[in-house]
Amino acid sequence: MKRSGFDSSSGSGGGEGSGSFNLRNLSKLILPPLGVPAGGHAQHHGGSNDKRVISPLDSRYRCWDTFMVVLVAYSAWVYPFEVAFMNASPKGGLEVADIVVDLFFAVDIVLTFFVAYIDSTTQLLVRDRRRITMRYLSTFFIMDVASTIPFEGLAYLVTGEVRESPVFSLLGILRLWRLRKVKQFFTRLEKDIRFNYFWIRCARLIAVTLFLVHCAGCLYYLIADRYPQREKTWIGAVIPDFQEASLWIRYTSSVYWSITTMTTVGYGDMHAQNTVEMIFNIFYMLFNLGLTAYLIGNMTNLVVEGTRRTMEFRNSIRAASSFVGRNHLPPRLKQQILAYMCLKFRAESLNQQQLMDQLPKSICKGICEYLFLPVVKDVYLFKGVSREVLLLMVTKMKPEYIPPKEDVIVQNEAPDDVYIVVSGEVEAVYFDGEREQVVATLGTRGIFGEVSALSDRPQGLTFRTRTLSQLLRLRQATLREGMQSKPEDSVVIIKNFLKHQIEMHDMKVEDLLGEDAGEYDHGNIPCNLLTVAATGNSSFLEDLLKVGMDPDVGDSKGRTALHIAASKGYEECVLVLLKHACNVNIKDAQGNTALWNAIAARHHKIFNILYHFARVSSPHAAGDLLCLAARRGDVDTLRELLKHGLAVDSEDHDGATALRAALAEGHADAARFLVLSGASVDKANLDGSGSGSFPRQTTVSPDELRELMQKRELAHAVSIVDSTSPAAAAVVREIGSPADRRKARAPSTRSDGDHCPRVSIYKGHPFVRNPSSEAGKLINLPGTMEAFKAIIEEKLKVDAKKTLIMNDEGAEIDSIDVIRDNDKLFIVTEEEEHMRTVALVGSVYGS
């Protein structure tokens with residue numbers, strides 16, 4: 001995933017173009033001050049975006065600056081050499097080189113009037129031409145001009161001679177002013193993690209030492225060359241005609257004596273010969289004693305203190321690189337680790353948080369109000385919230401700088417913090433198991449993490465920084481504390497959240513507000529149960545129910561909060577509504593109950609919970625569901641209901657079975673499925689009068705029913721309720737009576753070669769058993785439920801009449817025909833099931 005490079009206002013060079021983020025860009029970042037959005041740099045300084053202004057971090061300007069460092073090194077090295085060893089102005093190539101170098105420095109002076117600078121107090125990039133000019137004129141301009149003027153040329157114009165005037169030669173020393181560029185260059189290299197810190201530091205010390213030795217050697221030779229009696233000089237005593245010697249011998253001798261003097265190892269065959277040299281050495285050495293002690297003491301403190309953090313940073317970088325290499329981490333993780341450590345180092349150098357922690361609360365509150373409040377009050381979640389609550393939260397927010405490509409919140413994670421974007425960009429990424437997709441990009445005043453804080457649900461997206469981002473981190477506990485301190489503001493926050501969630505999920509407000517929807521607009525969404533349930537906010541849903549709201553209130557389509565929660569799979573909301581005694585049997589305008597919504601959306605766990613409650617209040621809950629699915633011809637839902645253990649011949653409140661409902665509505669596929677699943681033809685043929693005639697609309701003939709029943713018998717044995725209806729009697733005479741089939745399945749009537757189904761029975765609910773629970777029993781499955789219950793009483797010592805038989809998914813079994821070979825069955829008393837249901841609700845919300 002690629003993104004554009006940083007623009008000049010955020011610290012990158014204009015020559016970078018677009019490209020992926022790398023470590024080289026870290027040296028070009030400008031951290032915006034706290035509370036300043038991206039792109040706000042020029043605003044705070046009243047500057048215009050002049051295209052002629054050059055960023056000091058532009059790659060092209062960096063190249064020019066490096067080139068100027070090379071010219072400075074040349075100029076600082078050559079000028080002392082020319083003054084000491086040449087009696088006249090340099091000729092030929094050296095003279096041309098001096099002129100060219102001076103011209104380059106003149107160009108650099110002009111260019112500096114167009115180079116932006118970073119304000120040391122605000123850390124903002126100043127691009128105002130007027131401010132750039134005034135700053136340069138008041139700081140380095142005069143010295144830069146003085147170090148560029150060719151004083152030797154002026155001396156020649158004034159006196160006609162080049163080297164006779166010591167004043168002009170002394171003024172030429174101003175060229176050494178340019179050495180500040182070399183210092184800045186080495187300082188920048190020391191902080192660049194692309195280069196080895198040890199070797200950069202060694203190169204700097206070697207360069208300083210060599211330059212001092214060179215300058216001292218030139219000065220020693222200058223004293224000897226200008227002394228009247230040249231044979232009585234340090235070099236004349238060894239080389240009487242030293243002026244006639246080659247330039248190489250004179251320069252080498254000067255450097256040699258300079259090194260021996262600096263290192264104080266003794267002069268050997270070279271020493272001071274005249275009074276001037278002795279006096280010079282006396283004062284030089286005395287001065288050197290004090291100066292060396294002072295410099296060593298102060299430089300030791302400065303270097304150790306000034307480089308301590310840099311050394312610790314470089315050590316941590318080295319340790320991180322070693323960790324990455326040792327564990328063979330991929331390059332992407334290496335880039336993230338190093339980028340985070342570099343950004344942390346740069347942010348800590350500002351000492352922002354340390355300073356704020358030292359200030360009194362009143363001052364810190366004022367700072368946070370000035371820096372953060374303008375951003376926070378425009379965040380959608382806090383619009384309309386009182387200033388008092390905003391200040392309470394703002395004073396406890398922590399600013400953080402996050403590098404690009406950093407995952408702040410991971411998908412399906414329940415974070416403890418809410419984040420507000422002050423500057424930069426954050427991407428919302430959805431991962432479907434195979435690939436990632438960017439679904440949204442948050443900019444300044446964006447917020448994320450609030451879903452978990454207000455809905456008690458994990459985040460459905462990963463939030464990843466796209467660029468260098470400044471985030472405000474707010475603890476969820478602080479957010480809730482602020483909401484509890486002022487209930488009316490809590491309502492405003494929830495309204496803003498609901499409105500945003502409805503817009504995000506593309507829901508219609510009118511469908512959630514009932515018949516009074518016309519009284520509201522999208523900017524004023526009421527906090528009712530329907531809107532809260534639609535967003536899955538179980539905590540706020542319980543708060544509304546505690547203050548007395550009706551859990552069974554419906555919208556214009558008859559849907560209750562339970563309908564919405566069940567269809568969307570919000571299990572916590574379902575449990576809250578059940579805890580407050582909502583009616584699970586309410587139907588909406590389409591005749592759907594919450595049970596139907598749950599099974600239609602395939603939320604099986606919610607269906608099991610609702611079914612246990614519905615069965616207590618309505619003995620025909622199973623029949624109603626099966627008949628509704630049969631009338632609609634929904635074979636898939638019928639299959640799911642039977643998987644949950646609902647008896648295929650359960651009757652609804654009108655006494656009809658699912659097969660009869662399917663035949664009455666003419667749904668042949670549903671009828672065939674029900675017959676093959678063990679539905680009783682006898683019950684389906686009853687029309688209420690006992691005549692046993694088929695419904696008129698059915699498309700399934702009695703002959704086809706017989707064929708289906710024969711196929712069913714070949715697949716597995718099922719029991720068909722005996723009846724005296726003529727149509728059923730004809731089928732029974734042909735394929736045998738139910739009693740005969742049950743008798744044939746009994747173990748006592750089976751031949752030795754027949755396979756006898758075996759099942760395991762356990763005592764206790766399947767959801768509460770553990771490895772320490774009582775062991776089960778492996779038994780042969782009898783042919784009738786009565787015989788099965790008798791075995792249960794004998795093996796487990798329980799009263800089978802007061803127990804429920806469940807499978808390992810918690811579904812109740814009331815027919816022997818749905819049990820298969822190797823099934824695991826659990827024997828649960830009615831009291832245990834009731835207590836488990838209460839405990840299930842209580843475990844989520846407390847007793």
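Bear in mind that the values here come from a model prediction, so they are computed numbers and not experimental data.
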Inset, instruction - Would you check, one step at a time, whether the test side chain to side chain contact (heavy atoms under 4.5 Å, CB included) holds for Leu471 with Val422? - result: CA-CA 6 Å; Leu471 306 180; Val422 178; over 6 Å; no
Legend entry - side chain to side chain contact (heavy atoms under 4.5 Å, CB included) between Leu219 and Cys215, intermediate numbers included: CA-CA 6 Å; Leu219 184 59; Cys215 290; over 6 Å; no
Inset, instruction - Tell me, with the steps shown, if Phe105 and Val72 meet side chain to side chain contact (heavy atoms under 4.5 Å, CB included). - result: CA-CA 9 Å; Phe105 280 113; Val72 168; 3.5 Å; yes
Inset, instruction - Check the pair Tyr117, Thr139 against side chain to side chain contact (heavy atoms under 4.5 Å, CB included), reporting the backbone distance first and the verdict last. - result: CA-CA 13 Å; Tyr117 68 94; Thr139 53; over 6 Å; no
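The side-chain contact (heavy atoms from CB on, under 4.5 Å) check on Ala73 picks up nothing, with sequence neighbours excluded. Partners of Glu406 according to the side-chain hydrogen bond (donor to acceptor under 3.5 Å, both in side chains) rule, which considers only residues two or more places apart in sequence or in another chain, do not exist here. For the side-chain hydrogen bond (donor to acceptor under 3.5 Å, both in side chains) test, residues two or more places apart in sequence or in another chain that qualify with Asp144 are Tyr136, Trp177, Arg180. When the salt bridge (charged side-chain N to carboxylate O under 4.0 Å, His left out) test is applied to Arg178, the partners found at least two apart in sequence or on another chain are Asp102. Residues forming a side-chain contact (heavy atoms from CB on, under 4.5 Å) with Glu244 (at least two apart in sequence, or on another chain): Asp241. Every residue meeting the side-chain hydrogen bond (donor to acceptor under 3.5 Å, both in side chains) condition with Tyr251, not counting sequence neighbours, appears here in chain and number order: His214. For the side-chain contact (heavy atoms from CB on, under 4.5 Å) test, residues two or more places apart in sequence or in another chain that qualify with Leu189 are Phe185, Phe195, Ile200. In this structure, the side-chain contact (heavy atoms from CB on, under 4.5 Å) partners of Val78, at least two apart in sequence or on a different chain, are Tyr74, Glu82, Leu94, Asp98.
Enclosure of atom CG in Leu247 by more than 12 non-hydrogen atoms of other residues, nucleotides or ligands within 6.0 angstrom is indicated.
Screening Asp108, Thr66, Leu71 for a side-chain contact (heavy atoms from CB on, under 4.5 Å) involving Lys181 leaves a single residue, Asp108.
Within the 3.5 Å criterion, the main-chain N or O of Val110 finds no donor-acceptor partner in the side chain of Thr112. The backbone N or O of Cys218 lies less than 3.5 Å from no partner atom in the side chain of Ser254, so there is not a single donor-acceptor pair. Counting only distance, with no hydrogens or angles, the side chain of Asp58 and the backbone of Arg60 share a donor-acceptor pair below 3.5 Å. Formation of a donor-acceptor pair under 3.5 Å by the Thr465 side chain with backbone atoms of Lys405 is found in this model.
Looking at every heavy atom in both residues, Pro403 comes nearest to Leu468 through CA-CD1, 4.4 Å. Arg250 and Phe242 make their closest contact through CD-O, 3.1 Å (heavy atoms, listed as atom of the first residue, atom of the second, distance).
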Could you go through residues 317-326 and list every donor-acceptor pair under 3.5 Å that involves a side-chain atom there, pairing it with any protein atom two or more places apart or in another chain?
{"unit_1": "Arg318", "atom_1": "NH2", "unit_2": "Asn315", "atom_2": "OD1", "d": "2.5"}
{"unit_1": "Ser321", "atom_1": "OG", "unit_2": "Ile317", "atom_2": "O", "d": "3.0"}
{"unit_1": "Ser322", "atom_1": "OG", "unit_2": "Arg326", "atom_2": "NH1", "d": "3.2"}

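Distance check, rounded to the nearest 0.5 Å: CZ of Phe113 to CE of Met134 gives 10.5 Å. Between the OG1 atom in Thr444 and the CD atom in Gln470 there is a gap of 9.5 Å [rounded to 0.5 Å]. Remark: Ile132 CD1 to Leu137 CG distance equals 12.0 Å, nearest 0.5 Å. For the atom pair OH (Tyr256) and CD1 (Ile235), the distance works out to 12.5 Å, reported to the nearest 0.5 Å. In this structure, the separation between OG1 on Thr233 and CD1 on Ile239 is 9.5 Å, given to the nearest 0.5 Å. Taking OG from Ser147 and OH from Tyr79, the interatomic distance works out to 12.0 Å, rounded to the nearest 0.5 Å.
In summary, Arg131 and Asp119 engage in a salt bridge, as defined by a charged side-chain N under 4.0 Å from a carboxylate O.
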